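Only one structure is covered here, and it is reproduced in the block below.
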Amino acid sequence: MALSREQMAMRVARELQDGYYVNLGIGIPTLVANYIPDGMEVMLQSENGLLGMGQFPTEDEIDADMINAGKQTVTAITGASIFSSAESFAMIRGGHVDLTVLGAFEVDVEGNIASYMIPGKLVKGMGGAMDLVAGADNIFVLMTHASKHGESKLLTKCTLPLTGAGCIKKVLTDLAYLEIEDGKFHLKERAPGVSVEEIIEKTAGELVVPAEVPEMTF
Amino acid sequence: MALSREQMAMRVARELQDGYYVNLGIGIPTLVANYIPDGMEVMLQSENGLLGMGQFPTEDEIDADMINAGKQTVTAITGASIFSSAESFAMIRGGHVDLTVLGAFEVDVEGNIASYMIPGKLVKGMGGAMDLVAGADNIFVLMTHASKHGESKLLTKCTLPLTGAGCIKKVLTDLAYLEIEDGKFHLKERAPGVSVEEIIEKTAGELVVPAEVPEMTF
Amino acid sequence: MPGFDKVVNSYEEAMQGLEDDMTIIAGGFGLCGIPEGCIAQIKKMGTKGLTIVSNNCGVDGFGLGILLEDKQVKKMISSYVGENALFMQQLLDGELEVELTPQGTLAEKMRAAGAGIPAFYTATGYGTLVGEGKDVREFDGRKYILEESIKGDFAIVKGWKADRYGNVIYRHTAQNFNPMAATAGKITVVEVEEIVEPGELDPTQIHTPGIYVDRLIQGTFEKRIEQRTVRDA
Amino acid sequence: MPGFDKVVNSYEEAMQGLEDDMTIIAGGFGLCGIPEGCIAQIKKMGTKGLTIVSNNCGVDGFGLGILLEDKQVKKMISSYVGENALFMQQLLDGELEVELTPQGTLAEKMRAAGAGIPAFYTATGYGTLVGEGKDVREFDGRKYILEESIKGDFAIVKGWKADRYGNVIYRHTAQNFNPMAATAGKITVVEVEEIVEPGELDPTQIHTPGIYVDRLIQGTFEKRIEQRTVRDA
């Protein structure tokens with residue numbers, strides 16, 4: 001069966017290491033914070049200028065001057081730091097963030113990612129996404145493997161305007177975990193009960209399938 | 001008679017305006033701070049990272065962590081700010097300093113300045129001087145008109161390695177105040193008792209002399 | 001030190017000299033840390049043809065969004081403009097231009113303008129629409145695009161406290177773009193919640209040194225919250 | 001949060017991994033705000049062939065100057081090296097290279113390295129020896145040279161106080177190059193006068209956020225004064 005949003009978050013959380021600075025995009029990536037393994041600590045970076053984002057405030061704690069990159073009211077943990085947007089993106093662009101998790105519309109075998117714009121529909125802008133994909137070495141893309149109409153989002157070449165070129169190496173979909181290398185997708189893990197055939201069928205870009213594809217366990 | 005060091009400082013001090021942020025180089029420029037007109041306030045920028053430099057400390061106030069760009073122990077005035085060298089040179093390079101006063105070995109009719117290096121002698125480095133001359137619109141160069149051997153320092157073309165190209169418009173020497181425009185020195189004022197002939201004789205670069213050259217008064 | 005006293009007593013005075021077709025750099029992220037009073041004054045003045053450089057364009061009826069109501073904005077340079085129906089309408093109608101700029105690049109363009117850096121290379125946007133027509137150069141085997149700095153005729157900034165000399169500190173994440181904006185205006189106007197006397201702020205803890213600030217005004221702020229998210233106590 | 005505890009207990013541990021021929025970025029201006037303990041440890045380790053990026057090279061017998069005694073330094077990248085006789089001797093003897101870099105450019109090169117900016121344009125040095133061989137480009141009628149960022153295998157930094165997570169504040173003008181140096185090391189070592197618990201420093205007043213810091217050590221400092229200037233009380 002395809003992974004639930006929560007399972008996707010759980011799977012990504014396994015990539016965390018103690019002491020990681022992590023930037024989590026809006027949507028499913030945000031859920032990763034709920035699955036940080038016991039005894040491990042990570043610090044969340046919010047690109048508007050907060051390192052050490054805490055949980056949402058209580059009604060009493062709410063403060064208009066304390067928000068995250070999604071413009072939600074948040075708190076800061078003990079030992080947080082707060083700084084300008086220039087400093088925040090210095091951290092991001094300079095490669096100081098250990099793990100970036102974000103959503104996408106499409107990725108392709110060259111590591112290109114499209115995640116911010118669907119021409120003809122509303123144009124909202126890339127926000128910090130272009131900096132995040134350009135700056136991080138370790139990026140996890142989270143998305144569904146195919147659209148609601150069954151069209152693959154793992155392509156030979158992205159069709160939508162790119163957020164970044166050649167910067168994605170790791171993709172987790174609801175069906176599989178794949179890595180991108182040498183211009184191909186490499187199937188590394190499959191969702192519990194999902195067949196290799198289904199993954200092959202729903203992957204438009206060239207896919208390398210090893211003899212054995214381990215099933216994820218939760 | 002040629003201006004004394006103090007008179008040179010006094011003359012430059014007349015360029016100050018209330019509310020000016022000023023960077024004063026080492027040597028005679030430093031003396032300008034002693035001649036700020038009454039009722040006028042200027043704030044001194046020290047390029048190691050201090051805006052609002054105060055006087056030297058008393059023995060009791062001395063603090064190794066509180067120095068100026070000349071590495072002298074100083075104090076900060078009330079309302080000062082202290083920041084990184086990157087921020088300090090952002091101010092300088094970004095043109096936020098209203099007046100920069102510095103010494104030189106040579107200037108020429110193109111507004112070039114040589115002030116940091118005499119080949120064959122000891123090479124100490126330019127420190128912040130290259131940034132200061134490149135960043136400021138309003139620069140006052142203070143120097144003697146000629147060397148001890150009588151050789152002009154106001155040249156057709158600088159002979160020493162440049163600190164900056166085409167950035168000097170105002171020069172005060174011990175003999176005269178001159179402005180540089182259209183590839184020529186323009187004689188604007190002469191030191192008390194110094195003849196126009198002496199200035200002409202000691203100026204190697206092309207010099208424009210108006211019918212009337214006012215004498216400075218002190 | 002009266003020469004350094006940046007305080008003005010009205011928003012009229014604060015925004016004096018603003019003219020049609022000027023460029024304004026504005027601090028703020030979403031509705032957080034936005035110069036509410038300056039924006040209201042610009043609306044009141046009715047200045048037209050403005051180019052506004054700001055991460056966002058407020059929301060319908062608040063923040064920079066109110067400048068759309070009388071079509072005062074010609075062009076927005078922003079990273080994200082998704083929260084504003086009137087904005088989308090004017091964009092689709094061709095009444096408004098938008099130049100989408102990655103958030104980090106936008107912050108750096110403001111900083112560069114203030115710091116005398118006319119342009120810098122960044123990997124952000126290489127190979128995307130953002131990089132089109134821009135110089136590409138390789139450093140250490142990776143490709144980067146050249147981005148130019150962006151200066152404003154005015155910069156409008158929201159601080160928390162400032163002393164009379166214009167030394168400003170920001171509160172929490174209301175800092176965001178404000179310190180860079182403050183450096184990037186030919187005329188920089190800062191509005192704050194509280195003006196204090198020089199010496200009350202620790203010199204080593206100033207976010208924006210007064211050298212960048214031309215006019216300072218004490219205002220009152222609604223501080224509307226865009227996404228009110230709470231947990232149970 | 002043990003994963004974020006950057007504290008190490010010895011300078012051996014702080015400088016572990018330093019090898020011959022590496023590049024070190026060092027904070028400090030003159031003898032003010034210099035990482036005395038790290039420098040002493042480098043001397044003790046005897047590492048050779050070092051390239052050191054620092055505004056100055058200390059004085060004879062103190063600061064980075066002590067690394068010259070055993071000829072540990074191959075190259076200095078500095079803006080001003082005038083206070084050091086041994087330095088001049090080794091330079092004249094051809095045992096030491098020096099790359100003179102304007103002070104503001106040096107600060108910006110460090111910042112750029114930390115901020116993922118591989119290069120930037122500046123007017124500083126155009127038309128001088130510093131600009132020779134560098135790309136020139138015109139913006140708005142003025143000429144600028146392209147300067148590349150400079151990264152270190154190690155950065156050594158002197159702070160005042162830091163919490164265990166590596167959030168650092170600097171004291172007075174001992175800040176100088178330290179915050180930029182801190183961002184520019186593959187491994188950044190910060191030594192401070194006092195280590196405090198997380199939460200003791202105001203989050204909005206951190207000069208160097210802990211994300212840049214790999215190792216943190218509490219040291220003791222001589223803080224020698226280079227130009228002792230006083231006035232009468």
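Keep in mind it's a predicted model, so treat the numbers as computed, not measured. Just so it is clear: chains get the letters A, B, ... in the order the sequence lines come, proteins before strands, and each one is counted from 1.
The existence of a salt bridge linking D:Lys161 and D:Glu200 is excluded, since no basic side-chain nitrogen approaches an acidic carboxylate oxygen closer than 4.0 Å.
Contact of the D:Glu36 side chain with the D:Arg224 side chain is not registered, since no non-hydrogen atoms from C-beta on lie closer than 4.5 Å. Residues B:Tyr116 and D:Leu129 form a side-chain contact, since some pair of their non-hydrogen atoms from C-beta on lies under 4.5 Å apart. Side chains of D:His207 and D:Ile169 form a contact here, defined as non-hydrogen atoms less than 4.5 Å apart.
Heavy atoms closer than 4.5 Å to chain D are found in the side chain of B:Ile62, but not in its backbone. Contact annotation for D:Thr101: only backbone heavy atoms (N, CA, C, O) come within less than 4.5 Å of a heavy atom of chain B. The part of D:Asp232 that comes within reach of chain B is its backbone (N, CA, C, O), which places non-hydrogen atoms under 4.5 angstrom from that chain. Only the side chain of D:Asn56 comes within contact range of chain B, with at least one heavy atom under 4.5 Å from a heavy atom of that chain.
Of the listed residues B:Gln55, B:Met66, B:Lys71, the one with more heavy-atom pairs under 4.5 angstrom with chain D than any other is B:Lys71. Between chain D and the options B:Val74, B:Asn48, B:Asn112, heavy-atom pairs under 4.5 Å are most frequent for B:Asn48. Between chain D and the options B:Ala90, B:Ala114, B:Ala69, the largest number of non-hydrogen pairs under 4.5 Å is found for B:Ala69.
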Anything under 3.5 Å between a donor and an acceptor, one on a side chain of residues 157-178 of chain B, the other on a protein residue two or more places apart or in another chain? List them.
residue  : atom : partner  : partner atom : Å
B:Thr159 : OG1  : B:Glu106 : OE1          : 3.3
B:Thr159 : OG1  : B:Glu106 : OE2          : 2.4
B:Thr163 : OG1  : B:Ser115 : N            : 2.9
B:Thr163 : OG1  : B:Ser115 : OG           : 2.7
B:Lys170 : NZ   : B:Asn138 : OD1          : 3.0
B:Thr173 : OG1  : B:His145 : ND1          : 2.7
B:Thr173 : OG1  : B:Leu175 : N            : 2.9
B:Thr173 : OG1  : B:Ala176 : N            : 2.9
B:Thr173 : OG1  : B:Ala176 : O            : 3.3
B:Asp174 : OD1  : B:His145 : N            : 2.8
B:Tyr177 : OH   : B:Glu179 : OE2          : 2.7

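Applying the salt bridge (charged side-chain N to carboxylate O under 4.0 Å, His left out) test to every pair with at least one member in residues 57-68 of chain B, sequence neighbours left out, gives these pairs: B:Glu59-D:Arg228, B:Glu61-D:Arg231, B:Asp63-D:Arg171, B:Asp65-D:Arg171, B:Asp65-D:Lys223. Within the structure, every pair that satisfies the ring-ring contact (aromatic ring centres under 6.0 Å, His included) test and touches residues 64-101 of chain B, not counting sequence neighbours, is listed here: B:His96-C:Tyr212.
None of D:Thr51, D:Ile52, D:Leu50, D:Ile77 except one satisfies the side-chain contact (heavy atoms from CB on, under 4.5 Å) rule with D:Thr23; the exception is D:Thr51.
Contact annotation for residues 19-40 of chain B against chain D (heavy-atom separation below 4.5 Å): no residues qualify.
Geometric assessment of B:Arg93 against the ring of D:Tyr121 yields a negative cation-pi assignment under the 6.0 Å and 45° thresholds.
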